[in-house]
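Computed from a prediction, not measured in an experiment: that's the story for all the values here. Each residue takes its place number in the sequence, starting with 1.
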Amino acid sequence: MNKSMLDRQTLKVLASYGLDITIQRNMTHMSTGKIFQGQNARGIVTVVNTRSSPWQLLPKTRFQNTDGLVFRVTNAITVPASGSLDAEVIADEFDAFNQPIGARGNILPTRFFLPGLSPDNQKLLYATSKAPMTGGQTLVKKQISEDDIKAATERMKKELQQAITDELQKAVNEKSILLAQQTKFALIKGKGAMTNADPVINIAPDLVGKPLDQFDVSGEMKVHGVYFNLNDLLEILKAELKTKKNPEKILSKIDEQSITYRIFETDDAHKILKVTATLKGIEQYDLDSSKPAGERLIQKIKDHVLGKSLADAKDYIINLPEVSQVQIKSWPAWAPTLPTVPDNIEVVLNNL
C-alpha cells in the first residue's frame with residue numbers, strides 16, 4: 001500500500017500490507033421447541049355461579065389453579081343462576097408458563113379460577129374439584145422451532161464477528177514465522193483497520209418442526225485486515241524520540257515494549273490509515289564536566305556548599321534534579337565542614 005508515497009520518501013510514512021482471510025466456524029445448536037406426546041389428565045369440576053343470572057361458557061373455556069395448571073371444559077355449558085354444575089375438564093399439554101403438564105396434572109382436589117374473566121368476575125364464577133384428576137402421563141420430545149433457526153443464525157454471526165481480530169492476528173503471526181522472526185509483523189487494530197463482508201450462514205433447509213434435539217450450523221465470513229513491519233515503526237519512533245530529547249540530556253534507554261498506537265483518521269479513497277504512536281524512553285542529564293551543562297552544575301554545587309557541614313552539603317546536592325546519588329569525601333577526615341575556598345573543592349560527575 002502507499003507505494004508511490006514511499007517512493008517519494010515522504011516523511012513518516014510506513015508501508016502497510018493488506019491481508020484477506022476467510023473465517024469459518026461450525027457449531028451445534030440445541031432445539032427448544034417441544035412436542036407433547038404424553039397423556040392429559042382429566043376429571044370433574046363443580047362450576048359455581050354466585051351471580052343472579054345464568055352464565056354461559058364456551059367449549060375450551062380455561063380453568064386454572066394457582067400452580068399455573070390449565071384445564072378446559074370439553075363442551076359448552078350453562079351454569080344456572082346462584083347455582084352450580086358439574087363438568088368434565090381435560091388438562092392442556094402445556095401450563096400457563098409453557099411447561100409440559102403431563103403427569104403434573106394428576107392433582108388432588110383444589111380450587112380453580114377462570115383466567116379469561118376480569119378479577120371481579122373471577123370472584124363470581126369459579127370451580128372446585130372433589131376428586132383427584134387422573135390419567136396424566138409425561139412424554140415430551142424436542143423439536144426445532146422457527147425461533148431456534150433465528151437464534152442459531154444470530155449466534156453464528158456473533159461468533160464470526162468475535163473471531164475477526166484473533167484470526168487476523170493468527171494470520172499475521174504465521175507470516176512472521178515464515179520469515180524466521182527476522183521481521184516482526186503487527187496487525188493494525190482499531191476502527192477502520194478491519195473490514196468484513198456479510199457472513200454466510202448455512203443451516204439445512206426444512207428443519208422447522210423436525211423432532212431433533214439439536215442441529216448443525218456452519219458459517220463463514222471474508223475479512224480484510226492491514227499489517228505492518230513493527231521494526232520499521234520502531235525505527236521511526238526511535239528517531240523521533242531522539243530529536244525530542246532535552247539537548248542537555250542523553251537518551252539512556254528506549255523501552256521497545258512500550259510502543260502503542262491508535263488510528264485517528266482513515267482515508268479509504270487513498271487507502272491510508274493515519275495513526276498516532278508513542279514510545280517511551282528514559283533520558284538523563286549529560287554530566288560530562290567538559291560540557292557546558294556539566295560545568296554549570298559543578299559551579300552551582302561549589303557556590304552552595306562552601307563552608308557547609310558535610311550533612312547539609314549532602315542534603316543540598318542530593319535534592320538537585322540532575323543528581324541521584326552523592327558521596328562526599330573530606331580531608332582531613334575529621335574536618336566537620338567543607339572548605340570555604342572554591343578551588344579547594346573538587347566535584348567529580350559520573351553518569352550512571
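Within the 4.5 Å cutoff, no side-chain heavy atoms of Val326 are placed close to those of Tyr316. Two residues are said to be in side-chain contact when any heavy atoms from C-beta on lie closer than 4.5 Å; Leu57 and Leu125 meet this criterion. The side-chain heavy atoms of Tyr227 and Lys175, taken from C-beta on, include a pair separated by under 4.5 Å. Taking the side chain as every heavy atom from C-beta outward, Ile149 and Leu207 approach each other to under 4.5 Å. The side-chain heavy atoms of Glu93 and Lys34, taken from C-beta on, include no pair separated by under 4.5 Å. Looking at Glu167 and Ile21, their side chains come closer than 4.5 Å, going by heavy atoms from C-beta outward. Side-chain contact between Ile77 and Thr61: absent, with no pair of heavy atoms (C-beta onward) separated by less than 4.5 Å. When side chains are defined from C-beta on, Pro80 does not count as touching Pro54, because their heavy atoms never get closer than 4.5 Å.
Both tests pass for Arg111 against the ring of Tyr126: distance under 6.0 Å to the centre and angle within 45° of the axis.
Contact between Gly136 and Asn106 at its shortest, heavy atoms only, is N-OD1, 2.7 Å. Ile328 approaches Lys314 most closely through the heavy-atom pair CD1-N, 3.6 Å. Closest heavy-atom contact between Ala197 and Met221: O-CG, 3.3 Å. Across every non-hydrogen atom of Ser330 and Leu310, the tightest pair is OG-CD1, 3.9 Å. Shown here for Arg104 and Asp67, the closest heavy-atom pair between the two residues is NH2-O, 4.4 Å.
For the atom pair CD of Gln325 and CD of Gln327, the computed distance is 9.5 Å after rounding to the nearest 0.5 Å. For the atom pair CG of Leu187 and CG of Asp166, the computed distance is 10.0 Å after rounding to the nearest 0.5 Å. Interatomic distance, CG of Leu58 versus CZ of Arg72, reported as 12.0 Å (0.5 Å rounding). With rounding to the nearest 0.5 angstrom, the CZ atom of Phe63 is 13.5 Å from the OG1 atom of Thr110. Taking NZ of Lys170 as the start and OG1 of Thr165 as the end, the distance is 12.5 Å to the nearest 0.5 Å. With rounding to the nearest 0.5 angstrom, the CD atom of Glu154 is 8.5 Å from the CD1 atom of Ile201.
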**OP:** Given side chain to side chain contact (heavy atoms under 4.5 Å, CB included), test Thr128 with Val45 step by step and report yes or no.
**Re:** CA-CA 5 Å; Thr128 60; Val45 296; over 6 Å; no
**OP:** Evaluate side chain to side chain contact (heavy atoms under 4.5 Å, CB included) for Gln99 paired with Phe94, printing each intermediate quantity in order.
**Re:** CA-CA 5 Å; Gln99 298 302 312; Phe94 300 95; 5.9 Å; no
Original post:
Where do Asn196 and Lys222 land on the side chain to side chain contact (heavy atoms under 4.5 Å, CB included) test, with the steps shown first?
Top reply: CA-CA 6 Å; Asn196 61 271; Lys222 296 185 182 300; over 6 Å; no
**OP:** Run the numbers on Leu85 and Thr46 for side chain to side chain contact (heavy atoms under 4.5 Å, CB included), then give the verdict.
**Re:** CA-CA 6 Å; Leu85 179 71; Thr46 299; over 6 Å; no
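Side chains of Ser145 and Asp148: a donor on one and an acceptor on the other come within 3.5 Å.
Looking only at distances, no side-chain donor or acceptor of Arg42 sits under 3.5 Å from a matching main-chain atom of Ile90. The backbone N or O of Pro59 sits nowhere less than 3.5 Å from a side-chain atom of Asn75 that would complete a donor-acceptor pair. When atom types are taken as modelled, the side chain of Gln122 and the backbone of Leu117 share a donor-acceptor pair closer than 3.5 angstrom. Checking side-chain atoms of Ser31 against main-chain N and O of Lys142 turns up no donor-acceptor pair under 3.5 Å. With Asp315 contributing its side chain and Asp312 its backbone, the two residues share no donor-acceptor pair below 3.5 Å. Although no hydrogens or angles enter the test, the distance criterion places no donor-acceptor pair under 3.5 Å between the side chain of Arg155 and the main chain of Lys158. Put simply, the side chain of Lys302 gets close to the backbone of Ile345: a donor and an acceptor are under 3.5 Å apart. With Asp92 contributing its side chain and Asp95 its backbone, the two residues share no donor-acceptor pair below 3.5 Å. Judged purely by atom type and a 3.5 angstrom limit, Ser218 has no side-chain atom pairing as donor or acceptor with the backbone of Asn26. With hydrogens and angles disregarded, no donor-acceptor distance shorter than 3.5 Å links the side chain of Asn344 to the backbone of Pro339.
Using a 4.0 Å cut-off between charged side-chain N and carboxylate O, Arg25 and Glu220 make no salt bridge.
Phe112 has its ring centre less than 6.0 Å from the ring centre of Phe71.
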